[in-house]
Amino acid sequence: MSSSVVTRFPPSPTGFLHIGGARTALFNWAFAKHHGGIMLLRIEDTDRGRSTKQAVDAIFEGLEWLGLDWSGEPVFQHRRAGRHVEIAEQLLREGAAYRCTCAPGDIEAMRQRARAAGRPQHYDGTCRNRPQSAAAGPYVVRFKAPQTGETVICDRVQGDVAIANEQLDDLVILRSDATPTYMLSVVVDDHDMGITHVIRGDDHMTNTARQILIYRALGWALPVFAHIPLIHGPDGAKLSKRHGALSLTAYRDMGFVPEAMRNYLARLGWSHGDDEIFSTEQFVRWFDLDGVGRSPARFDMARLENLNAHYLRCMDDRELLERLAAHLPVTDFATGWPSRLSLDLKQRLVAAMPALKERAKTLSDLARTLEFVFASRPLKLDDKAQTLLTADARAMLGETADKLERIEVWERAAIEAALRDLAAASGLKLGRIAQPLRAALTGTTVSPGIFDVLYILQRDEAIARIRDQTTA
RNA sequence: GCCCCGUUCGUCUAGUGGUCCAGGACGCCGCCCUCUCACGGCGGAAACAGGGGUUCGAGUCCCCUACGGGGUGCCA
């Protein structure tokens, strides 16, 4: 089994997990599953100052919600610092790295000079050939990168990409406080963890070239690289926190469902012919690097909403109600609602769910269509509802209430029959009765089907709401 | 500045030299259905960035330009 696939998802806990990171995780996860391998999770917290416990928890929470699991315990990169330093020292001993005592200000100056001269703005290698014994004062350890030739990245998505080595300067692998940097840590960890495939955003492209150099210096075998295009915001710029990117859990709280998010993310930068809607199982079966494109995709809320609506409509009614109930606590307009729905109400909602769910794009939408259920009498009517209730309409409401009172069993078919009967008897189109009724029952002119509204409300409450308007 | 990558309808994409006067999906528009809003059905507008090559033939291959993105850190 030594040849089986091992991928990893390596978020840095400096903020929440956003759509871009989630998609990278999804691809790594699907790729591993597709090939019968595993995905490992590594928390890249070598930047101690910016890493937080909250961010780590947020990442776990996001992955869990999306339904992505990993093998074994998460690896916290900073705990492996000893190992990283050991490798740095090995590199130092072998002459593949050196101590650099250049001051930050000097380095900044040489960057400016290089840029002005039309050269890549890099560290110029001042300490590279200085006798190491002469090193005094604080120092960083730099990797001694080849200065000529080129490094070719054989990428499963990007193809062969050649980067001239002069573009790659001697990067820092150990900071002046002796802690390892990202560039060293990833290489050592990917190697030690037995990673076979590195699937990451293409913003890592040049990093990969530098990392390949480190692999070579260490004599380690390279993993397979696959750089996937980034997800951009609606404006075309890279998705980032300060750019309005939202956390995965923010989408959860807006009422999106993980199966829809997975489907949506899967189709961003990857395709399988004309297939648009597919299960996660199907996705895993289909997913491979060949289907990944090379151009960035923009995040499109409308598309996500459409998929979410689809998954809501296909969902089992009981399951959907459970998810709705779980979602209510984070729904801002539902704060005054009962913390637990009564069993009786749940039963009615499940029965009405087929009609309710087809008008909702999100769980929040679904909750909103139920606002009328929890309104308290006498209802406050909005303007449009108000104008609907003319004297004639109120008179008709009285007749309607009378008719409804005579219904024997309060169920949807009987309610519908009664109302259609009433309409036919008075020679009116159903709408002439339904609209005023809707206004009286919900206080608005838009709601689920009127028969469902009546059914959900139950006879006593419905008739009371109607009478409120006839006597007003 | 230097380097890398990208560019098919508004958006996600199909397309791997002929089957493409470019297909699907979302969105948009119209009609139908209809108790409102939706759902659903039907129909419509909508794209190969530009210019040079290669070839009998190019959305598909090559070059240039433009535009977009990414990188260029003792961040990851």
Side-chain angles (χ1 to χ4, degrees), chain A residues 10-14 44-47 49-51 77 100 104 107-108 111-112 114-123 138-142 153 158-159 161-164 166-169 171-177 179 181-183 185-186 201-207 209 227 229-230 232 234 236-238 264 267-277 293-307 309 313 354-361 365 369 384 388 416 419-420 423 429-439 442 444-451 453:
Chain A
S12 69
T14 54
E44 307 222 317
D45 53 357
T46 53
D47 186 345
R50 294 200 305 147
S51 301
Q77 195 162 54
C100 168
I107 293 169
E108 182 52 34
R111 286 207 175 100
Q112 295 303 336
R115 185 185 173 120
R119 283 181 284 115
Q121 46 174 28
H122 288 322
Y123 176 66
Y139 64 87
V140 297
V141 174
R142 286 183 185 274
I153 304 164
Q158 306 286 333
V161 178
I163 311 255
E166 61 181 10
Q167 291 298 326
L168 282 8
D169 61 353
L171 59 284
V172 172
I173 55 177
L174 237 44
R175 301 188 182 94
S176 52
D177 63 0
T179 58
T181 62
Y182 161 79
M183 213 63 75
S185 300
V186 231
D202 69 10
D203 51 338
H204 280 285
M205 209 65 202
T206 47
N207 287 340
H227 290 88
L230 265 21
H232 288 174
K238 178 182 179 179
Y264 176 69
R267 284 286 288 105
L268 240 38
W270 174 84
S271 63
H272 183 268
D274 282 338
D275 296 303
E276 301 286 351
I277 293 177
R294 288 206 272 172
S295 53
R298 295 187 190 203
F299 179 75
D300 179 11
M301 190 65 135
R303 177 72 179 140
L304 211 210
E305 284 177 339
N306 173 270
L307 280 168
R313 268 179 262 133
L356 298 176
K357 65 187 179 185
E358 70 187 21
R359 62 212 315 113
K361 287 187 163 75
D365 287 346
T369 68
K384 285 182 188 164
L388 225 49
E416 174 162 0
L419 288 186
R420 289 198 185 280
K429 292 196 69 172
L430 186 58
R432 295 294 296 278
I433 293 174
Q435 272 307 81
L437 195 50
R438 171 168 286 115
T442 69
T444 69
T445 54
V446 176
S447 84
I450 201 67
F451 313 126
V453 168

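By convention in this document, chain letters (A, B, ...) are assigned in the order of the sequence lines, proteins followed by strands, and residues within each chain are numbered from 1.
- Rounded to whole Å, atom C1' of U11(B) lies 10 Å from atom CG of Leu268(A).
- Of all heavy-atom pairs spanning Gln435(A) and Thr445(A), the tightest one is NE2-O, 3.6 Å.
- With the nearest nucleotide of RNA chain B identified for both Pro10(A) and Ala114(A), Ala114(A) has the one nearer the 5' end.
- When heavy atoms are screened at a 4.0 angstrom cut-off, Ser271(A) is found touching the sugar-phosphate backbone but no base atom.
- When all heavy atoms are compared, the tightest approach of Arg298(A) to Pro234(A) is NH1-O, 3.0 Å.
- Under the side chain to side chain donor-acceptor pair (under 3.5 Å) criterion, His232(A) pairs with no residue, sequence neighbours left out.
- Among the atoms of the strands shown, only primed sugar atoms or phosphate atoms (P, OP1, OP2) are found under 4.0 Å from some heavy atom of Arg298(A).
- By the side chain to side chain donor-acceptor pair (under 3.5 Å) test, Asp47(A) pairs with Arg50(A), sequence neighbours left out.
- Nucleotides G50(B) and C29(B) place their P atoms 29 Å apart, quoted to the nearest Å.
- Here Thr369(A) contributes atom OG1 and Lys357(A) contributes atom NZ; the two are 12.5 Å apart, rounded to the nearest 0.5 Å.
- Nucleotide G18(B) forms a pair with C56(B), judged by Watson-Crick or G-U wobble geometry with both contacts under 3.5 Å.
- Of all non-hydrogen atoms in Leu419(A) and Ile450(A), the two that sit nearest each other are CD1-CG2, 4.2 Å.
- A straight line from CZ of Phe299(A) to C1' of G69(B) spans 19 Å, rounded to a whole angstrom.
- Nucleic acid contact for Thr179(A): none, since no nucleic acid atom lies under 4.0 Å from a heavy atom of the residue.
- Residue Arg119(A) contributes atom CZ, which lies 11 Å from atom C1' of G1(B) at whole-angstrom precision.
- Distance check on atom P: U16(B) versus C61(B) gives 11 Å, rounded to whole Å.
- When Watson-Crick and G-U wobble pairs are counted only if both distances are under 3.5 Å, C35(B) pairs with no nucleotide at all.
- Contact annotation: Thr14(A) side-chain N/O to A76(B) OP1/OP2 distance is not under 4.0 Å.
- Comparing atom distances between the Met183(A) side chain and each of C12(B), G1(B), A76(B) picks out A76(B) as nearest.
- If you take CG of Asp203(A) and P of U72(B), they are 9 Å apart, rounded to a whole angstrom.
- Put simply, CD on Glu166(A) is 17 Å from P on G1(B), counting in whole angstrom units.
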Any protein N or O atoms within reach of nucleotides 4-6 of chain B? Criterion: under 3.5 Å, listing atom names and distances.
residue : atom : partner   : partner atom : Å
G6(B)   : OP1  : Arg294(A) : NE           : 3.2
G6(B)   : OP1  : Arg294(A) : NH1          : 2.3
G6(B)   : OP1  : Arg294(A) : NH2          : 3.0

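- For Ser51(A), there are no side chain to side chain donor-acceptor pair (under 3.5 Å) partners two or more places apart in sequence or in a different chain.
- Separating the P atom of C74(B) from that of G69(B) is a span of 25 Å, rounded to the nearest Å.
- Spacing of C1' atoms, G51(B) relative to U19(B), comes out at 29 Å, to the nearest Å.
- Taking a pair to require two hydrogen-bonding distances under 3.5 Å in either a Watson-Crick or a G-U wobble arrangement, A25(B) pairs with U11(B).
- Evaluation of atom-type donor-acceptor distances gives a pair under 3.5 Å for the side chain of Asn207(A) against the base of A76(B).
- Nearest heavy atoms, Pro436(A) versus Gly431(A): CD-O, 4.0 Å.
- Rounding to the nearest 0.5 angstrom, the gap separating the CG atom in Leu388(A) from the CG atom in Leu437(A) is 10.5 Å.
- Nearer the 5' end of RNA chain B, as judged by each residue's closest nucleotide, is the contact made by Ala116(A), out of Ala116(A) and Pro11(A).
- The neighbour count for Arg313(A) CZ, taken as heavy atoms of other residues, nucleotides or ligands under 6.0 Å away, is above 12.
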What one-letter contact string describes nucleotides 24-41 of chain B from 5' to 3', where B marks a base within less than 4.0 Å of any protein heavy atom, S marks contact via sugar-phosphate atoms alone, and - marks no contact? BSSS-------BBBBSS-
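- With rounding to whole Å, His122(A) atom NE2 is found 12 Å from G1(B) atom C1'.
- Between His272(A) and A14(B), no base-stacking contact is recorded for ring centres under 5.5 Å apart and planes less than 30° from parallel.
- In this structure, Arg267(A) CZ and Asp300(A) CG are separated by 11.5 Å, a value rounded to the nearest 0.5 Å.
- In this structure, Glu166(A) has no salt bridge (Lys or Arg N to Asp or Glu O under 4.0 Å) partners at least two apart in sequence or on a different chain.
- The nearest whole Å value for the distance from the CZ atom in Arg115(A) to the C1' atom in U72(B) is 9 Å.
- A gap of 32 Å separates the C1' atoms of C2(B) and U60(B), to the nearest Å.
- For A45(B) and G27(B), the C1' atoms lie 13 Å apart once the distance is rounded to whole Å.
- As rounded to whole Å, 17 Å separates atom P of C2(B) from atom CG of Asp169(A).
- Across all strands shown, G68(B) forms a Watson-Crick or G-U wobble pair, both distances under 3.5 Å, with C5(B).
- Atom name P, nucleotides C31(B) and A38(B): the rounded distance is 14 Å, in whole Å.
- At the heavy-atom level, His232(A) lies under 4.0 Å from the strands shown only through sugar-phosphate atoms.
- Counting non-hydrogen atoms under 4.0 angstrom, Glu44(A) reaches the backbone sugars and phosphates but no base.
- The separation of C48(B) from G23(B), taken at their P atoms, amounts to 13 Å, rounded to a whole angstrom.
- Heavy atoms of Gly293(A) sit nowhere under 4.0 angstrom from any nucleic acid atom.
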